[in-house]
Amino acid sequence: MTDLKALTKRDPAQLARPDVQALTPYQSARRIAAAAGIQGEIWLNANESSDADPMAPLERFFNRYPEPQPEAVVKAYATYAGLNENQVLVTRGGDEGIELFVRTFCRPEKEAILQFPPTYGMYSVSAQTNGAEVINLVTSPENNWVPNVDVAVELLTQRPEIKVVFVCSPGNPTGNLVPSDVLETLAKATQGRAILVIDEAYIEFAPETTAVNLLAQYPHVALIRTLSKAFALAGLRCGFVLSSPSMINALKKVIAPYPIPTPTADIAQQALSPVGIEVMRQRAKACVARREALRTALSALPGILAVVESQSNFLLVKLNDANLIFNELRNQGIVLRDQSRQPTLDNCIRITVGTEAENRRLLDALLTLLTETC
Ligand SMILES: *Cc1c(COP(=O)(O)O)cnc(C)c1O
């Protein structure tokens with residue numbers, strides 16, 4: 001006989017913080033696919049670059065700890081962003097940057113983040129795993145998912161526990177831009193009471209819209225950047241926080257001592273060389289061209305209710321029965337990302353722009369399915 005009570009008692013998960021026990025793990029694109037046992041051939045679910053160039057670290061010895069902040073990478077990114085080196089923090093992907101803001105600025109059980117759903121899932125995951133409350137101000141498709149600044153400003157006054165505000169532009173999963181005057185209003189409203197984090201993971205697909213100019217005037221504003229999207233290096237795990245020297249120093253107190261592995265720094269340095277940046281720009285440009293072609297083709301299919309205009313490397317599509325189409329395509333090895341559970345995104349699917357051949361296969365499969373089901 002097994003003593004169930006004793007077994008439960010010995011389960012180490014029972015010793016976890018009660019708030020952690022109550023959490024469900026972040027549903028990353030990879031995790032969802034693995035859990036469903038998906039044998040994908042065409043991966044259009046994680047906004048990765050569909051093409052890349054082979055890269056390899058030049059360094060061959062790894063017995064020493066890496067530089068805490070690899071100088072060559074900091075220097076190269078500062079040049080690329082048009083900032084000083086003391087305004088750059090290299091992180092283990094953009095996700096680590098997000099986490100650092102919560103851990104540096106929100107006291108557990110006391111303070112909160114503000115976000116504008118539908119938005120990127122890691123803001124709330126970082127908040128929840130660190131005991132910070134998540135305050136949501138849902139945006140609407142009628143306003144192109146731009147935060148309502150009047151309500152946001154009021155919320156900031158009513159809820160002094162809000163310490164970090166996360167805005168994503170271009171937005172994931174919506175692909176929209178938050179206009180610069182809205183960002184500046186948020187910067188003014190947060191001054192002296194909260195940090196404004198503008199997530200620019202997709203900025204290379206709309207580089208002229210960067211909010212980098214706000215940094216000169218507002219030391220409490222920060223940008224999140226990454227090499228995972230336009231730089232085609234999601235597997236590298238390299239991102240950046242751009243802000244004032246004072247903000248960077250605060251985050252440095254919290255970041256792990258050696259966050260950037262030597263091979264990562266080595267390859268990041270190559271990717272951020274003048275040639276590497278030019279290659280990235282060409283790749284982003286080609287991706288934008290394929291995105292627009294895909295958007296036109298999708299819009300012409302029967303049963304596609306809307307294809308949202310996008311400033312990034314993916315498209316958000318509204319259908320009659322997103323779940324059915326998602327599952328049918330998945331069974332054919334074409335993996336997309338169902339966004340139906342996000343507020344205002346009922347029956348919406350997010351499609352990462354693939355290679356020309358991948359996009360063609362997707363369109364062929366969709367045409368057949370939608371003709372059958374319409
Ligand atoms: C992909 C992404 C990131 C960061 O991804 P990393 O791979 O951790 O660099 C951050 N924000 C948004 C909105 C993203 O889509």
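Atoms within a ligand are numbered from 1 in the order they appear, just like the ligands themselves.
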| request: Please say which of Val335, Leu44, Ile42 ends up in a side chain to side chain contact (heavy atoms under 4.5 Å, CB included) with Thr352. | output: Leu44

| task | Look up atom CD in Glu204 and atom CZ in Arg225, then write down how far apart they are to the nearest 0.5 Å. | result | 6.0 Å

| task | Could you list which atoms of ligand 1 come closer than 4.0 Å to a heavy atom of Thr226? | result | 6 (P), 9 (O)

| Does any N or O in the side chain of Ser49 come within less than 3.5 Å of the main-chain N or O of Ala52, such that one atom is a donor and the other an acceptor? | no

| note | In this structure, atom 2 (C) of ligand 1 is nearest to the protein heavy atom Lys229 NZ, 2.5 Å

| Any chance the rings of Phe166 and Tyr120 have centres within less than 6.0 Å? | no

| request: Supply the atom-to-atom distance Asn313 CG to Arg283 CZ, rounded to the nearest 0.5 angstrom. | output: 11.5 Å

| said: Are any of the N/O atoms on Arg92, whether in the backbone or the side chain, positioned under 3.5 angstrom from an N/O atom of ligand 1? | reply: no

| Relative to the heavy atoms of Ala201, which atoms of ligand 1 are at a distance of less than 4.0 Å? | 2 (C), 3 (C), 10 (C), 11 (N), 12 (C), 14 (C)

| For Ile224, is at least one N or O under 3.5 Å away from an N or O on ligand 1? | no

| remark: When distances are taken from atom 11 (N) of ligand 1, the protein heavy atom at minimum range is Asp199 OD2, 2.6 Å

| said: Please work out, at 4.0 Å between heavy atoms, whether the side chain, the backbone, both, or neither of Arg237 comes within that distance of ligand 1. | reply: side chain

| request: Show which atoms of ligand 1 fall inside a sub-4.0 Å distance from at least one heavy-atom site of Gly93. | output: 8 (O), 9 (O)

| query | Centres of the Tyr80 and Phe231 rings: under 6.0 Å? | reply | yes

| Hey, what do you get for CZ (Arg337) to CD1 (Ile351), rounding to the nearest 0.5 Å? | 14.0 Å

| task | May I ask which of Tyr123, Tyr202, Phe231, Tyr120 has a heavy atom nearer to atom 15 (O) of ligand 1 than the others do? | result | Tyr202

| query | Does a donor on one side chain sit under 3.5 Å from an acceptor on the other, for Asn323 and Asn327? | reply | yes

| query | Nearest protein heavy atom to atom 4 (C) of ligand 1, by residue and atom, and its distance? | reply | Asp95 OD1, 3.7 Å

| Of all the heavy atoms in Gly239, does at least one lie under 4.0 Å from an atom in ligand 1? | no

| Distance filter under 4.0 Å to Cys168 heavy atoms, resulting ligand 1 atoms | 13 (C)

